[in-house]
Structures are given as C-alpha cells and as structure tokens.
> 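Below is a structure I'd like to ask you about.
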There are 4 protein chains.
Amino acid sequence: MATLDGIEPLRDQLTAVIRERIASGEYPRGSKLPTARELADEFGISARTVTDALAVLRESGELIGVRGRGVFVRPTD
Amino acid sequence: MATLDGIEPLRDQLTAVIRERIASGEYPRGSKLPTARELADEFGISARTVTDALAVLRESGELIGVRGRGVFVRPTD
Amino acid sequence: MATLDGIEPLRDQLTAVIRERIASGEYPRGSKLPTARELADEFGISARTVTDALAVLRESGELIGVRGRGVFVRPTD
Amino acid sequence: MATLDGIEPLRDQLTAVIRERIASGEYPRGSKLPTARELADEFGISARTVTDALAVLRESGELIGVRGRGVFVRPTD
DNA sequence: GTGGTCTAGACCACT
DNA sequence: GTGGTCTAGACCACC
C-alpha cells in the first residue's frame with residue numbers, strides 16, 4: 001500500500017502525489033482517476049480526505065469531476 | 001440568525017457572504033473575522049463546513065489564518 | 001429479513017411500509033430512520049430504490065432529510 | 001469526581017494515573033481512552049494539561065494518537 | 001480558546 | 001456505484 005508519511009497534511013501530500021502521477025503520465029491527460037474510495041484504500045486514509053485533495057485539484061482546474069462518472073485529468077494544457 | 005437557503009452548497013454560499021462582507025467593509029482589511037465556531041452558530045451550520053469555506057478563501061489569498069490567533073482579512077489589495 | 005412481495009412497484013411498497021411504521025409508532029415522530037443502506041439490506045432491495053421511496057416521503061413532508069445526519073420523521077402533525 | 005491533589009505537577013499526576021489505569025486493565029491494551037475533554041472534566045483540570053499528559057505518554061509510546069479517532073493504549077508490549 | 005486537520009458515516013445527484 | 005456535500009466530533013499546534 002502506498003503510504004503518506006510526511007509531516008505535511010495528508011490532503012496536501014496526496015495532492016502532490018496526484019500531480020506527480022499526472023506529470024509522469026501514470027494518469028494520462030483525459031484519463032479517469034481511480035475512484036475516491038480506491039485512492040482512500042490505496043493510501044489508507046479516509047475518503048473525505050481524498051475528496052478534499054481532489055477538490056483542490058478541481059478548484060485549480062487540473063481535474064474535472066463528473067457526478068456518477070468519475071474524476072478525470074483535464075485533457076488540454 | 002443569518003440563514004443560507006440557496007440551492008448552492010452551503011460552503012459556497014458562505015464563501016460568497018464573507019466576500020460580500022469584506023467588500024462592504026463589514027469585515028475591514030486587516031480585521032479579525034469572527035471565530036469559525038461563531039460563524040457556524042450564526043449560520044446554523046457545522047464548524048467543519050465553515051472551515052471548508054475559509055479554506056477556499058485562504059487558498060485564494062483573501063483571508064489569512066493564524067493558528068491560535070484567528071482568521072484575518074488580507075490587509076492589502 | 002422483511003420482504004416486499006406485492007405486485008406494486010417496490011418503491012411504492014416501501015413507501016407504504018414506512019408510512020405504516022410511522023403510524024404504528026415503530027418510527028416515532030422526530031425519530032431518526034434507519035440509514036438507507038440498512039433499509040436496503042432489511043428489504044433486500046437496492047439503495048437506489050430506498051432513496052426513491054424516501055424522496056417521495058420527503059416530498060410529501062412526512063420525512064425530513066438532514067444532510068450528514070440522517071432522515072427523520074416529521075415531528076409535528 | 002476524581003481528584004489530583006498531590007504536590008507534583010498536575011500533568012505528572014495525571015500521567016501516573018493513566019499509567020495505573022493501563023496497568024490495572026481499566027484501560028485495556030488497544031482500547032480507546034476517554035476524550036481529552038472527558039478526562040479534563042473527570043479531574044477538574046484544563047484540557048491543555050490533559051493534552052500535555054497525553055503527549056508524554058505518546059512520546060514514550062504508551063499511547064497512540066490517531067487523528068480524528070482518538071487516543072489508544074498501545075496494543076502490544 | 002482558536003485554527004487546522006482528519007475520521008466515520010450520513011444524504012443526495014447523477015449515471 | 002460514483003462524486004460531492006455535510007455533520008459531529010475527535011486530535012493537535014499554537015497562542
């Protein structure tokens with residue numbers, strides 16, 4: 001299981017991890033992210049904290065959330 | 001008691017109210033906001049939702065939170 | 001496990017069952033209903049159908065949904 | 001109400017009381033302690049003093065604090 | 001006492 | 001079943 005063990009807030013650590021995965025191509029442009037629950041399981045944190053992190057990236061336009069469908073990496077730069 | 005009764009999320013409604021109060025001078029530049037708990041009581045919502053709204057305004061630089069002291073309106077434009 | 005085996009739509013059967021439980025005092029005025037998931041399990045139906053039934057009773061004012069807290073029987077006649 | 005009336009600092013008296021309760025099994029291995037607020041009320045001391053005492057026992061590994069959940073007695077010797 | 005973070009677990013909209 | 005919102009109530013850092 002991936003772990004977040006820094007001193008920073010879990011939300012901010014997760015935000016950084018997702019940004020890295022987008023940059024590295026692990027989460028390609030336009031692709032669908034794992035569900036919030038899957039990310040919560042992967043990192044051993046609550047779904048609420050995951051959605052808080054996703055909210056930051058939605059706010060900044062890096063991710064796009066679609067109710068009932070999923071969360072997607074913004075296709076265009 | 002002030003009420004938030006729109007269809008928008010409570011967090012976003014509160015964000016808008018605080019922005020209005022800053023613009024109107026009710027919360028002057030550099031002044032300290034009521035505590036999160038006071039705002040929660042005023043609007044009849046949970047402190048968590050208040051801090052979510054404040055987080056948006058911190059993220060955008062409109063407010064500055066200082067642990068143990070309070071939340072302040074950013075002094076300068 | 002309770003069962004709904006009539007010819008009517010499951011949603012309407014469940015609506016009727018909940019109304020009976022309110023009338024009988026099994027769900028007293030002002031009390032909190034079981035969660036949607038618990039009701040789904042009790043009757044062996046999908047959570048979606050439960051929320052549909054609850055929506056009917058919210059619409060009619062018989063139930064009151066409170067975000068983050070639960071669904072409650074309307075306290076007063 | 002329990003009282004701490006020794007000459008030692010309240011924090012150290014409380015630390016000792018908690019150690020005794022762990023040793024006696026009143027706070028079993030792996031169990032959740034009362035909240036800091038409850039302990040403060042029980043002993044008639046400030047929440048700050050309680051968190052200071054808990055910090056000592058976290059530091060020594062006797063207790064484990066879990067954000068959003070509570071403080072727990074370390075399960076294993 | 002204040003702000004900030006986090007959890008667990010609700011409801012609800014939408015697919 | 002997914003995302004999004006909200007509650008209640010923890011711990012913790014700081015003043």
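FYI, side chains are in, hydrogens and waters are out, and symmetry mates aren't considered; it's all heavy atoms of this structure. Sequence lines set the chain letters: A, B, ... in the order given, protein chains first and strands last, and positions in each chain run from 1.
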> Give a yes/no answer on whether the side chain of B:Arg67 brings an N or O atom under 4.0 Å of OP1 or OP2 in F:dA13.
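No.
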> Between C:Leu63 and C:Ile22, is any pair of side-chain heavy atoms under 4.5 Å apart?
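Yes, their side chains come closer than 4.5 Å.
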> Rounded to whole Å, how long is the line connecting atom CD of A:Gln13 with atom C1' of E:dG4?
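It works out to 15 Å between those atoms.
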> Grab the CD1-C1' distance between A:Ile18 and F:dG3 for me, whole Å please.
14 Å
> How long is the line joining CZ of B:Arg37 and P of F:dA10, in whole Å?
12 Å
> Check the distance between F:dT7's C1' and C:Phe72's CZ and give it to me in whole angstrom.
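Whole-Å distance recorded here is 10 Å.
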> What is the distance, rounded to the nearest whole Å, between atom CD1 of B:Ile7 and atom C1' of F:dT5?
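Interatomic distance, CD1 of B:Ile7 to C1' of F:dT5: 13 Å.
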> For B:Ile45, which contact category applies under a 4.0 Å heavy-atom criterion: base, sugar-phosphate, or nothing?
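Result for B:Ile45 = sugar-phosphate.
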> By nearest atom, which of the nucleotides E:dC11, F:dT7, F:dG3 is closest to the C:Thr35 side chain?
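Between E:dC11, F:dT7, F:dG3, the one nearest the side chain of C:Thr35 would be E:dC11.
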> Do C:Ile64 and C:Val71 come within less than 4.5 Å of each other through their side chains, counting heavy atoms only?
no
> Heavy atoms only, 4.0 Å cut-off, all strands: where does C:Ala47 land among base, sugar-phosphate and nothing?
nothing
> Let me confirm one number: the CG-OG1 distance from B:Leu57 to B:Thr15, rounded to the nearest 0.5 Å.
5.0 Å
> Compare side-chain N and O positions of A:Thr51 against OP1 and OP2 of F:dT5 and report whether any pair is under 4.0 Å apart.
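Checking F:dT5 against A:Thr51, no side-chain N or O comes under 4.0 Å of OP1 or OP2.
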> Does B:Leu54 or C:Ala55 map to a spot on DNA chain E nearer the 5' end, using the closest nucleotide for each?
B:Leu54
> For B:Gly68 and for C:Arg48, find the nucleotide of DNA chain F with the closest heavy atom, then tell me which residue's nucleotide is more 5'.
C:Arg48
> Got a salt bridge between D:Lys32 and D:Glu38, using NZ or NE/NH1/NH2 to carboxylate O under 4.0 Å?
no
> What is the base-pairing partner of F:dC14, counting Watson-Crick and G-U wobble geometry with both distances under 3.5 Å?
E:dG1
> Using a cut-off of less than 4.0 Å, is there contact between a side-chain N or O of C:Arg58 and OP1 or OP2 of E:dC12?
yes
> What is the distance from CG of A:Asp52 to C1' of E:dG4, rounded to the nearest Å?
11 Å
> Verify side chain to side chain contact (heavy atoms under 4.5 Å, CB included) between A:Leu10 and A:Phe43, making sure each step is shown before the conclusion.
CA-CA 9 Å; A:Leu10 296 174; A:Phe43 293 99; over 6 Å; no
> Considering only side-chain heavy atoms of A:Leu10, which listed nucleotide, F:dT7, E:dT7, E:dT2, is closest?
E:dT7
> How many Å lie between CZ on A:Arg69 and C1' on F:dG3, as a whole number?
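So the two atoms are 12 Å apart, to the nearest Å.
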> Taking CG from C:Asp41 and P from E:dA10, how many angstroms apart are they, rounded to a whole number?
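The distance from CG of C:Asp41 to P of E:dA10 comes to 11 Å, rounded to the nearest Å.
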